[in-house]
Each structure stands twice: as structure tokens, then as C-alpha cells.
Amino acid sequence: MSKKLFLVYKSFERFWHWMQALLIFFLAFSGFEIHGVYSFFGFRDAVRYHTIAAYMFLILIVFAIFWHFTTGEWKQYIPTLKNIKAQLNYYIFGIFKNAPHPTKKTVLSKLNPLQKLTYFGLKIIVIPVIVTSGLFYMFYRYPTRHGVQAMNIESLEIIAVLHTLAAFILIAFIVVHLYLITTGETITSNLKAMLTGYEELENEDGEEKKEELADENKTILEDK
Ligand code: HEM
């Protein structure tokens, strides 16, 4: 089957992806200084920078939610169990034997079933946990001013544990994600796609059908 360049990741999507990567990297770096793992900015500045990056992350999330719903792209993340075993088998065995990818990437379905499940989990569990615990963390100091006392939050412990746990999960995700980036059609094809937006895909999905329809319409009009 012939291959063709398709716009897989639109410009906002690429901006959101790289901005999110940068912010999460920075939040993890400053966060683990706050946690006491090392000293780089100094505790006070680490907290200050972590807070600024956290606000930027929140703004990005609001725009990303808006984009996902207005474009319908949220549907790409609905998890499915179909082909999940085949995808797991591929990563555990097939990939080392040069087996073909078990699921086909298209513009209308760009995530494989494992990605759908993982990203869905990040979007509805890990990110909300890190954001809400982070906000509680931020405002617990001034219980009367911000009304958190009404929620009976007397100790930071559970908030700190949840925030740190979510941070560890995000970092584990990033490690696996970095490896999986290299497992596309070629070692760099996934990275290039997220940088340029374009990727060579088999020429048989909705985009092609749209083009076919456009061609047909053109021919009909020309015939008239
Ligand atoms: C909107 C998102 C976030 C908010 C509002 C937020 C907020 C906070 C706040 C207020 C603190 C405590 C600072 C202090 O002690 O005064 C903190 C600590 C921390 N943050 Fe975040 N954060 C966010 C996202 C992240 C992300 C994405 C990561 C890592 C990937 C992260 C990792 C950490 C870590 C490891 C700590 C230290 C926790 C501890 O030792 O108890 N944070 N965060």
C-alpha cells in the first residue's frame, strides 16, 4: 500500500504537547528540590518557580480542554480493550523480531490501544490528582482566607503523599514515553511527527477518502 504524508498533529496540539513537556519537566525538577532531594535554586526560589510553572500549567490545561472538546479530538482518547493484547505482545516480543505494528495509525485514530488507556488514565486520574493536591498544598497555609478550613483539612500529609505519588507516576510515564518515542516506523518518525506535525502513513484513511470525494466532485463539475 502506498504511503503519503498526513498532518497528524495540528499546530495547537504540538504547542500543547511541547509546552506540557517543558512545564512537567520543570515542575518535577523544582518539585523534587522542594521535596529535599537536592539543592539547586534554593528552597524559597524552588517554591516560587514551582508555583509560577503550576499556574502556567493550569492555563495550558484550560486551553487544552477547550481544544479537545471543540475539535472533537477527545474521542481519540476513549479507551478500548480491542487489540490491547496484540499491542502488549508487540512491545514485549514482536518489536524485537521486527514484527509489523499490530495497529494502524491514521489521522482519525492516531493512538494505539495502550496509548489510549495510558493517556486516558493520565487525563482523568494522574493530572487531576496532581493539580488538586497541588492547589490544596498551595492554599492550605491560609485556611481562613481561602476557606479550606471548611473542608476540614488539618494535615498536609495526605496531600503531600498524593502529590508526590502522582509526581512519581508522571516521571515513570515520561521514562516509558521517551523509550516508546523511538519505536515508530523508524527510530525518529514519532519525534519528527510531533515536531513538524506530518507523518508518512498508509494511504487509506478518512483524509484520503475526503480527498477522493473532493476529486470526484471536481470530475463531476468538470463533466457538467
Ligand atoms: C497545577 C499543578 C501543580 C500545582 C498547583 C503544584 C503545587 C505545589 C505546591 C504548592 C507544592 C508545595 C510547595 C511548598 O512546600 O510550599 C508542591 C510540591 C511539590 N510538587 Fe507540585 N504542583 C503542581 C504540579 C506538579 C507536577 C506536575 C510535579 C511533578 C511532575 C510536581 C511535583 C512536586 C513535588 C515532588 C513536590 C514536593 C512534595 C513534597 O515533598 O511533599 N508538582 N507542588
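Given the structure is predicted, the values throughout are model-derived calculations rather than measurements. Residue numbers run from 1 in the order of the sequence given. Every number for a ligand or one of its atoms is a count from 1 in the order of the listing.
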Leu27: numbered ligand 1 atoms lying under 4.0 Å from its heavy atoms: 24 (C), 25 (C), 26 (C), 27 (C), 28 (C), 31 (C), 32 (C)
Charged N-O contact under 4.0 Å between Lys3 and Glu202: no
Gap separating the CD1 atom of Ile78 from the CG atom of Leu117, nearest 0.5 angstrom: 13.0 Å
Met56, His35, His50, Met138: member with heavy atom nearest to atom 17 (C) of ligand 1: His50
Cut-off 3.5 Å, no hydrogens considered: what does the side-chain donor-acceptor table look like for residues 171-184, sequence neighbours left out?
from, atom 1, to, atom 2, distance (Å)
Thr182, OG1, Tyr179, O, 2.5
Thr183, OG1, Leu180, O, 2.7

For Ala160, atoms of ligand 1 separated by under 4.0 Å from a heavy atom: 41 (O)
For Thr164, the ligand 1 atoms whose distance to one of its heavy atoms is below 4.0 Å: 38 (C), 39 (C), 41 (O)
Under 3.5 Å, sequence neighbours excluded: what are the donor-acceptor pairs made by side chains of residues 45-54?
from, atom 1, to, atom 2, distance (Å)
Asp45, OD1, Arg48, NH2, 2.4
His50, ND1, Leu27, O, 3.2
His50, ND1, Ser30, OG, 3.0
His50, ND1, Gly31, N, 3.4
Thr51, OG1, Val47, O, 2.7

